[in-house]
K.L.:
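Have a look at the structure that comes next, please.
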Amino acid sequence: HNTASDLCRFFPAILPNQVTVAHCGVDLNSPGPDRVEAFKTRHGIDKPYFLIVGTRGGYKNCMLFFQAFGSLGEQRANYAIVCTGPDTTLQAAFEAHLGGASLHMIEVNDEELQCAYAGAIALAYPSIYEGFGMPIAEAMACACPVITCPGGSIPEVAENAALYVAPNDVAAMASALLQVQEPTVRAALIAKGLQRAATFSWKKMANEIRAALLRIRTELTSKLIDPKDAGTLVSLGLSHQLAGEFSSAENCYRQVLASTPATFHAVQLMGALRLQTGDLIVAEWLLRLALTIDPSVPEVHFNLGRTLAGLGRFGSAKSSYEQALLLNPEFQQARQALIAA
């Protein structure tokens, strides 16, 4: 829901009632202790460890963890840090905080990832923002306590099954690294995490998406218009466009495209309208779409050339003018534009 809110905030044309939220599922689970011990032996992990999953830079904010870990001083020698993911070397800025801790940089498949979660003291995931936060849900499903930050969708996913620290509070993170090892705190986090993770199901997500798609199909079907009416609407839109009534023209074209998205005349006239109003990026997209429907109309190639010239892509504009002339050698506007190019 946080991501849905962001979507509507950054794209105001999208209304909240047009958005459906379907939470991801989780298909990992807690392995038995024998498998966890085999995993640790295989990778030479012989100390209690904190787990870091995935990339570590940027908004993932892993420096918070390493600074907090560094503040543990001589206690660091009692721990290991396990990092999974594609990066097999630890950034020097992070490494400076290791002290006497052991470091294990490993790549894992899903089977080993479950063991990595299950064997950890905690997943340290101090990300500033997440659209969902899959590692948090995976850790909870594998009975791994989570230490994270309350940004983006994270509180929506973890709810009260995680320890939260502010994204720049090193002291709070250091305290959480110790607090998560207290038996009562740890047991409560694991129990809450397992309960929370159980609510995330791929089948549930699939059913929600299916329902949304069926609803959209019904809504679109209700908007279908007769082909004769489509022609009338396109003609009416062109009249508005020629009169400079761009909003009314676009409304006509949109009605047609909502019913039949591949209506050539509605697409190409919408592209020409966007060219007229200076929205060149969208104009190029619409005109290219029109040409995939019918590449034989010289006027569309000409308008695409004008659009590309407006975007400063003069070589491509020249090619479009040439194509327009190839289709209609008497096209004087295209010839003049080609000479000017």
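FYI, side chains are in, hydrogens and waters are out, and symmetry mates aren't considered; it's all heavy atoms of this structure. Since the model is a prediction, treat every value here as computed from it, not as a measurement.
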K.L.:
Considering residues at least two apart in sequence or located in another chain, which fulfil the side chain to side chain donor-acceptor pair (under 3.5 Å) criterion with K47?
P.N.:
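Per chain and number, K47 pairs via side chain to side chain donor-acceptor pair (under 3.5 Å) with S102.
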K.L.:
Could you give all pairs that pass the ring-ring contact (aromatic ring centres under 6.0 Å, His included) test and reach residues 69-112, with sequence neighbours left out?
P.N.:
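Every ring-ring contact (aromatic ring centres under 6.0 Å, His included) pair that includes a residue of residues 69-112, provided the two are not neighbours, is F50-Y79, F65-F69, F66-F94.
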K.L.:
Using the test salt bridge (charged side-chain N to carboxylate O under 4.0 Å, His left out), find all partners of K192 that sit at least two apart in sequence or belong to another chain.
P.N.:
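K192 satisfies salt bridge (charged side-chain N to carboxylate O under 4.0 Å, His left out) with no residue once adjacent residues are dropped.
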K.L.:
What do the steps show when you test D46 against K40 for side-chain contact (heavy atoms from CB on, under 4.5 Å), and what is the final call?
P.N.:
CA-CA 7 Å; D46 56 5; K40 292 196 289 186; over 6 Å; no
K.L.:
What pairs meet the ring-ring contact (aromatic ring centres under 6.0 Å, His included) rule with one or both residues in residues 259-293, with sequence neighbours excluded?
P.N.:
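Listed once each, the pairs would be none.
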K.L.:
Could you list the residues that satisfy salt bridge (charged side-chain N to carboxylate O under 4.0 Å, His left out) with R274, not counting sequence neighbours?
P.N.:
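Checked R274 against salt bridge (charged side-chain N to carboxylate O under 4.0 Å, His left out); matches are E250, D279.
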K.L.:
Using side-chain heavy atoms (C-beta onward) and a distance below 4.5 Å, is V36 in contact with P31?
P.N.:
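Sidechains of P31 and V36: in contact.
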K.L.:
Does the E182 side chain pair with the main chain of L178, one donor and one acceptor, at a distance under 3.5 Å?
P.N.:
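Not a single qualifying donor-acceptor pair exists.
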K.L.:
Partners of E95 by side chain to side chain contact (heavy atoms under 4.5 Å, CB included), sequence neighbours excluded?
P.N.:
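Per chain and number, E95 pairs via side chain to side chain contact (heavy atoms under 4.5 Å, CB included) with L90, L98.
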K.L.:
Tell me, which pairs form a ring-ring contact (aromatic ring centres under 6.0 Å, His included) where one or both residues lie in residues 229-262, sequence neighbours left out?
P.N.:
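Output for this query is empty, none listed.
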K.L.:
Would you say C149 and L64 make side-chain contact, with heavy atoms under 4.5 Å?
P.N.:
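Touching, per the 4.5 Å side-chain cut-off.
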K.L.:
Under the 4.5 Å side-chain heavy-atom rule for ILVMFWY, direct or indirect, which residues accompany L236?
P.N.:
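Hydrophobic cluster check, L236: no partners found.
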K.L.:
Is the Y49 ring parallel, tilted or perpendicular to the F39 ring (thresholds 30°, 60°)?
P.N.:
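Tilted: the ring planes of Y49 and F39 meet at 30° to 60°.
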K.L.:
For L280, which fellow cluster members are found when Ile, Leu, Val, Met, Phe, Trp and Tyr are connected by side-chain heavy-atom distances below 4.5 angstrom, either directly or through intermediates?
P.N.:
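L275, I281, L311, all in the cluster of L280.
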K.L.:
Checking S235 side chain against G231 main chain: does a donor-acceptor pair fall under 3.5 Å?
P.N.:
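Looks like yes, one N/O pair under 3.5 Å.
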K.L.:
Using the side chain to side chain contact (heavy atoms under 4.5 Å, CB included) criterion, which residues pair with A4? Sequence neighbours excluded.
P.N.:
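Listed in chain order: V19, V21.
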K.L.:
Go through the side-chain N and O atoms of R210 and N207 and say whether any donor and acceptor fall under 3.5 Å apart.
P.N.:
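Their side chains do not contain a donor-acceptor pair, so the 3.5 Å distance test is not met.
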K.L.:
Do L72 and V82 sit in the same hydrophobic cluster, where Ile, Leu, Val, Met, Phe, Trp and Tyr count as joined when their side-chain heavy atoms come under 4.5 Å apart?
P.N.:
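Each belongs to a different hydrophobic cluster.
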K.L.:
Hey, is the main chain of P329 close enough, under 3.5 Å, to the side chain of R335 for a donor-acceptor pair?
P.N.:
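Here the side-chain-to-backbone pair exists.
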K.L.:
Heavy-atom distance under 4.5 Å between the side chains of F200 and K204, does that happen here?
P.N.:
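Counting from C-beta outward, F200 and K204 never come under 4.5 Å.
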K.L.:
Share the residues that join Y321 in a hydrophobic cluster, the rule being Ile, Leu, Val, Met, Phe, Trp or Tyr side chains under 4.5 Å apart at the heavy-atom level.
P.N.:
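Its cluster partners, ordered by chain and number, are F302, L325, F331, L338.
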K.L.:
Any side-chain heavy atom of L291 sitting closer than 4.5 Å to one from R288?
P.N.:
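Sidechains of R288 and L291: no contact.
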K.L.:
Ignoring hydrogens and angles, write down the donor-acceptor pairs under 3.5 Å from the side chains of residues 118-145, residues two or more places apart or on other chains.
P.N.:
from : atom 1 : to   : atom 2 : distance (Å)
Y125 : OH     : K60  : NZ     : 2.9
Y125 : OH     : E130 : OE1    : 3.4
Y125 : OH     : E130 : OE2    : 3.3
S127 : OG     : Y129 : N      : 3.4
S127 : OG     : Y129 : O      : 3.0
S127 : OG     : E130 : OE2    : 2.6
Y129 : OH     : D6   : OD2    : 2.5
E130 : OE1    : K60  : NZ     : 3.4
E130 : OE2    : K60  : NZ     : 2.7
E138 : OE1    : Y117 : OH     : 2.8

K.L.:
Counting only heavy atoms from other residues, nucleotides and ligands, does the tally under 6.0 Å from CD of Q332 exceed 12?
P.N.:
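Yes, enclosed.
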K.L.:
With no hydrogens and no angle check, do the side chains of H23 and E156 hold a donor and an acceptor under 3.5 Å apart?
P.N.:
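Result is yes, a qualifying pair exists.
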K.L.:
I'd like to know if the side chain of T199 and the backbone of Q195 have a donor-acceptor N/O pair within less than 3.5 Å.
P.N.:
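Not confirmed, T199 side chain does not pair with Q195 backbone.
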K.L.:
Quick one: does V146's side chain get under 4.5 Å of L189's, heavy atoms only?
P.N.:
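Contact flag for V146/L189 side chains = no.
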K.L.:
Okay, side chain of S175, backbone of A171: is any donor-acceptor separation there less than 3.5 Å?
P.N.:
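Not at all, since once roles are kept as given, no pair shorter than 3.5 Å links the two residues.
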